[in-house]
Amino acid sequence: MKRIAILGSTGSIGTQTLDIISQFPDRFEVYALTANNNVQLLAEQARKFQPEIVCIANEQHYAKLKDSLADLPVKVYAGADAIAQMVSMGPIDVVLASMVGYAGLKPTIEAIKAGKQIALANKETLVVAGELICKLSKEYHSQISPVDSEHSAIFQCLSGEGDNPIEKLLLTASGGPFRNKSIDELEHVNAAQALKHPNWDMGAKITIDSASMMNKGFEVIEAKWLFGIEPERIEVVVHPQSIVHSMVQFADGCIKAQLGMPDMRMPILYALTYPDRMVTNLPRWDYTQCGQLTFEKPDLQKFRNLAFAYQAIKQGGNMPCIINAANEVVVAGFLQGRIGFLQMSDIIETVMAKAAFIQNPTYEDYVQTDCEARGIASSLF
Ligand code: MN
């Protein structure tokens, strides 16, 4: 029996995790649930899964949450600090980190320091502070299992390979809803169009990141830290059908790929049960129905964010933190209709040039950098 704390239980990954957990009641127990703002869903989840603890990040919602759970024996907390403290509690075995963006960094660090197993869905944590996270996970013997589908695929391809030499990782990308649009057309796309992802049903922030391919850039950075492979040996391959979730090419030229339906419940389950596999009735890929699987190179002229992410990880230091902060600000601006799609990349480029570069940042430097980069990005629109 694994006792699980879900950070971000009302989001896309959180709700799908609870769906999986409910299918294996003798394998998993929900110990803690946290959400940012969605009191109503959090309360419903608490009623159904009977956790020991629930925590709402936005403290304004505390009274409402407390009231709606008054008849249950659950402990109710509020605030980001409460979440960061909660993750180290003794009974928790696994922390599923599925908060959105930079906010996931602090609680993930605390969970690692408590030696918890981390099922990591929050890629921004590794984008912002990959070096620090890797160092801490070694020091505190905290195992990090990827939830991101591409990284789960690579993780599965590497299973049983020991120290066999890897030539490169082939990280697949759907290309998003704008893969076939020209730069002129991209000038005029709006948030509603960007939110219509062809294959994956995800939260708003990551869906915009997918449309701009920043998501794939972040995944290159995530893969570097998770698997210790330099970005020059991580190749992004556009595969619009999202059936091949990624591949590993070994030094002998052999390539292993992991395939399946684009359904996040599979990588979530694997992260929670690794190295075991469970019996499920999740949708199966049917090759007689799928038509062709195709592969092509990404267009870095059109999707500049992908090039920026490579540049940022090559430069290292706090540059990935800078790019992440700038991206969170421009994605919010784009969702509000305040800036255009292509303008997001222009602003990110300017912030990368303007924010103070630090080669060997500490945790405090990341906090400072995040704040500075957000300020610069916000001042540009
Ligand atoms: Mn992914």
Side-chain angles (χ1 to χ4, degrees), residues 8 11-17 20 96-101 104 108 118-128 130 144-158 169-179 194-227 229 231 234-248 257-272 274 282 285 293 295 298 303 305-306 309-310 313 320 323-324 327-328 331:
S12 173
I13 295 289
T15 52
Q16 293 182 81
T17 302
I20 282 291
L96 181 102
S98 57
M99 296 164 86
V100 178
T108 305
I118 312 292
L120 188 69
N122 175 262
K123 69 192 76 184
E124 290 90 343
T125 290
L126 282 176
V127 171
V128 169
I144 300 179
S145 312
V147 169
D148 207 349
S149 61
E150 295 79 1
H151 305 76
S152 176
I154 292 164
F155 191 57
Q156 292 178 57
C157 291
L158 292 175
L169 305 180
L170 294 154
L171 196 70
T172 51
S174 71
F178 301 150
R179 181 173 58 95
L195 287 169
K196 286 199 189 96
H197 195 278
N199 305 337
W200 294 98
D201 182 13
M202 307 177 288
K205 199 264 178 180
I206 187 174
T207 305
I208 301 302
D209 285 346
S210 294
S212 72
M213 291 199 80
M214 184 55 98
N215 181 56
K216 209 50 55 178
F218 285 173
E219 290 183 356
V220 169
I221 299 174
E222 184 184 10
K224 176 206 152 85
W225 295 118
L226 282 172
F227 306 112
I229 306 285
I234 305 173
E235 193 172 333
V236 172
V237 181
V238 175
H239 166 50
Q241 298 80 21
S242 297
I243 296 297
V244 175
H245 295 310
S246 276
M247 303 177 257
V248 177
Q258 188 263 331
L259 287 74
M261 292 299 284
D263 187 323
M264 284 309 295
R265 290 173 299 177
M266 286 195 219
I268 290 168
L269 179 61
Y270 190 73
L272 294 178
Y274 167 83
L282 292 170
W285 178 54
L293 298 182
F295 302 90
F303 298 104
N305 286 353
L306 184 53
Y310 271 104
I313 190 62
I323 197 174
N324 177 71
N327 185 60
E328 288 192 26
V331 168

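Counting starts at 1 for both ligands and their atoms, in listed order.
Nearest to the Mn ion (ligand 1), among the N, O or S atoms that Asp148 has, is OD1. Distances from the Mn ion (ligand 1) to each N, O or S atom of Glu150 single out OE1 as the nearest. The closest approach of Glu219 to the Mn ion (ligand 1), by N/O/S atoms, is made by OE2.
A donor atom on one side chain and an acceptor atom on the other are found under 3.5 Å apart for Ser212 and Asn305.
Considering only residues two or more places apart in sequence or on other chains, Pro240 meets the side-chain contact (heavy atoms from CB on, under 4.5 Å) condition with Arg179, Val238, Thr294.
His239 contributes no side-chain N or O that, together with a main-chain N or O of Leu293, makes up a donor-acceptor pair within less than 3.5 Å.
The list of salt bridge (charged side-chain N to carboxylate O under 4.0 Å, His left out) pairs with a residue in residues 205-214, not counting sequence neighbours, reads Glu124-Lys205, Lys205-Asp209.
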